[in-house]
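Read through the structure below, which is laid out as structure tokens, and then see the notes.
Just so you know, these numbers use all the heavy atoms, side chains as well, and skip hydrogens, waters and symmetry mates. Proteins get letters first, then strands, A, B, ... in listed order; numbering begins at 1 in each.
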Amino acid sequence: MPELPEVETIRRDLLPHLPGRRVETVRVLRASVLECSPRRLRAALTGAVIRDVRRHGKVLILDLDSSLSLLVHLRMTGQLLLGAGVADPRFLRVVLQLSGGLRLLYADCRALGRLELCGSSDLACSRALGRFGPDALDEEGLAALLAAARRRRTPIKCLLLDQSVLAGIGNIYASEILHVARIAPDRPADALTRAELNRLRRATRNVLSAAIEARGTTFSDFRTGTGEPGRYGAQLRVYGREGERCLRRGCRGTIVRLVQQQRSTFFCPDCV
DNA sequence: GATAATGTTCGATC
DNA sequence: AGATCGAACATTAT
């Protein structure tokens, strides 16, 4: 569910509250969301102190003082929430009781998300994160996108979604970025002109930054770390707007939906 | 009941 | 190697 801006929003909500807290108890209500056994998770987390909250792409990273880190992939419907009473109790999967009476909840309706332990040395972490390319908001990630685009024939939308090229862009922002960059989603990546690649780089940075400022997009399930919806939905220009009028000034086009890699893509044929 | 949903991954196939 | 496709995971909402 959450893409880079949503995970960054959660990170910013958690950061003022988690570092310095000790994990007192670990309650696992659905073991299938763990990459390890519940017993191993309890052993690793109980008594550990949270040092930092980081993010890479769509992955949230809780660094512990024990030279371990807890990686959280929210996938489609995962939520990481601070404090009780904010999650639908039916979908609670893991509860961490922290010092000072604070609770960190992992809720996930579809239970596709995953919690994973890894060594927090750079080496161990980068191995656990090895399937991902550089973060989409880093200069390195933007450079990786342009480099991959020059040598691959795959449709540009598919390249934006490829987490091994750059990490963090999902189905909503891929459509939004291409619309802002005025590039048709089915264009072969290696056919993009230099001018189009420049627009793509700018659009990626601008759309992701604006979405973070608005605290993410709540299309259906996303909640921030404090349980509120994000506000970027009001700024979406194409996603979910099939059949509606294009919002670009002076454009009379209608948004169409096509399917790429079994997922919906939205764009305005008159803008590209 | 069919369909689609902000994601990832694995296997088959070309 | 690169690319595509389908299925799987699991559950709700329309």
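A:Ser264 and A:Arg257 form a side-chain donor-acceptor contact under 3.5 Å, judged by distance and modelled atom types alone. Side-chain polar atoms of A:Arg103 and A:Gln97 form a donor-acceptor pair below 3.5 angstrom. Looking at A:Asp63 and A:Ser69, their side chains do bring a donor and an acceptor atom within 3.5 Å of each other.
Residues A:Ile156 and A:Ala184 approach most closely at CG2-O, 3.6 Å, considering heavy atoms. The minimum heavy-atom distance linking A:Leu18 with A:Ile50 is given by the pair O-CB, 3.7 Å.
Looking at heavy-atom distances under 4.0 Å, A:Pro155 makes contact with sugar-phosphate atoms alone, never a base. A:Arg153 comes within 4.0 angstrom of sugar-phosphate atoms only, judged by non-hydrogen atoms across all strands, and of no base. Contact annotation for A:Thr154: backbone-only contact, meaning every heavy-atom pair under 4.0 Å involves sugar-phosphate atoms and none involves a base. As judged by a 4.0 angstrom heavy-atom cut-off over every strand, A:Tyr239 is placed among residues touching the sugar-phosphate backbone only. Residue A:Gln262 is in base contact, counting any heavy-atom pair closer than 4.0 Å across all strands shown.
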Intra- and inter-strand pairing of DNA chain B, written as dot-bracket with Watson-Crick and G-U pairs under 3.5 Å and | for the latter, reads .||||.||||||||
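A distance-only check finds no donor-acceptor pair linking the side chain of A:Thr254 to the backbone of A:Gly243 [under 3.5 Å].
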Sort me out a list of protein N/O and nucleotides 9-14 of chain B N/O pairs below 3.5 Å, or just none if empty.
| residue | atom | partner | partner atom | Å |
| --- | --- | --- | --- | --- |
| B:dT9 | OP1 | A:Arg131 | NH1 | 2.8 |

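In this structure, A:Leu161 is not a member of the same hydrophobic cluster as A:Leu197, with clusters built from ILVMFWY side-chain heavy atoms closer than 4.5 Å.
In this structure, CD of A:Gln260 is placed 13 Å from P of B:dA5, rounded to the nearest angstrom. The separation between A:Leu258 atom CG and B:dA4 atom C1' is 16 Å, rounded to whole Å. At whole-Å resolution of the value, CG in A:Leu161 and P in B:dT8 are 9 Å apart. The CG atom of A:Asp221 sits 12 Å away from the P atom of B:dG7 (whole-angstrom rounding). Regarding A:Asn171, its CG atom lies at a distance of 10 Å from the C1' atom of B:dA5, rounded to whole Å. When rounded to the nearest whole Å, the span between CZ of A:Phe266 and C1' of B:dA5 equals 10 Å. Regarding A:Arg110, its CZ atom lies at a distance of 12 Å from the C1' atom of B:dT8, rounded to whole Å. Per the geometry, CD belonging to A:Glu116 stands 13 Å off P belonging to B:dT8, to the nearest Å.
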Donor-acceptor contacts, no H, no angles, side chain residues 226-233 of chain A, under 3.5 Å, sequence neighbours left out:
| residue | atom | partner | partner atom | Å |
| --- | --- | --- | --- | --- |
| A:Thr226 | OG1 | A:Thr224 | OG1 | 3.1 |
| A:Thr226 | OG1 | A:Glu228 | OE2 | 2.3 |
| A:Arg231 | NH2 | A:Glu213 | O | 3.3 |

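Partners of A:Phe219 by ring pair (Phe, Tyr, Trp, His ring centres under 6.0 Å), not counting sequence neighbours, listed by chain and number: A:Tyr239. Residues passing the salt bridge (Lys or Arg N to Asp or Glu O under 4.0 Å) test with A:Asp190 are A:Arg153, sequence neighbours excluded.
One finds a side-chain N or O of A:Ser264 lying less than 4.0 angstrom from the OP1 or OP2 phosphate oxygen of B:dA5.
Salt-bridge formation is not detected for the pair A:Arg40/A:Glu35: no Lys NZ or Arg NE/NH1/NH2 atom is positioned less than 4.0 Å from an Asp or Glu carboxylate oxygen. Salt bridge present: A:Arg187 and A:Glu196 bring a charged side-chain N and a carboxylate O closer than 4.0 Å.
Comparing the P positions of C:dA7 and B:dA2 gives a spacing of 15 Å, expressed to the nearest Å. Comparing the same atom, P, in B:dT8 and in C:dT12 gives a spacing of 22 Å after rounding to whole Å.
First and last contacts of DNA chain C with chain A, using any nucleotide atom under 4.0 Å from a protein heavy atom and ordered 5' to 3', fall at C:dA3 to C:dT12.
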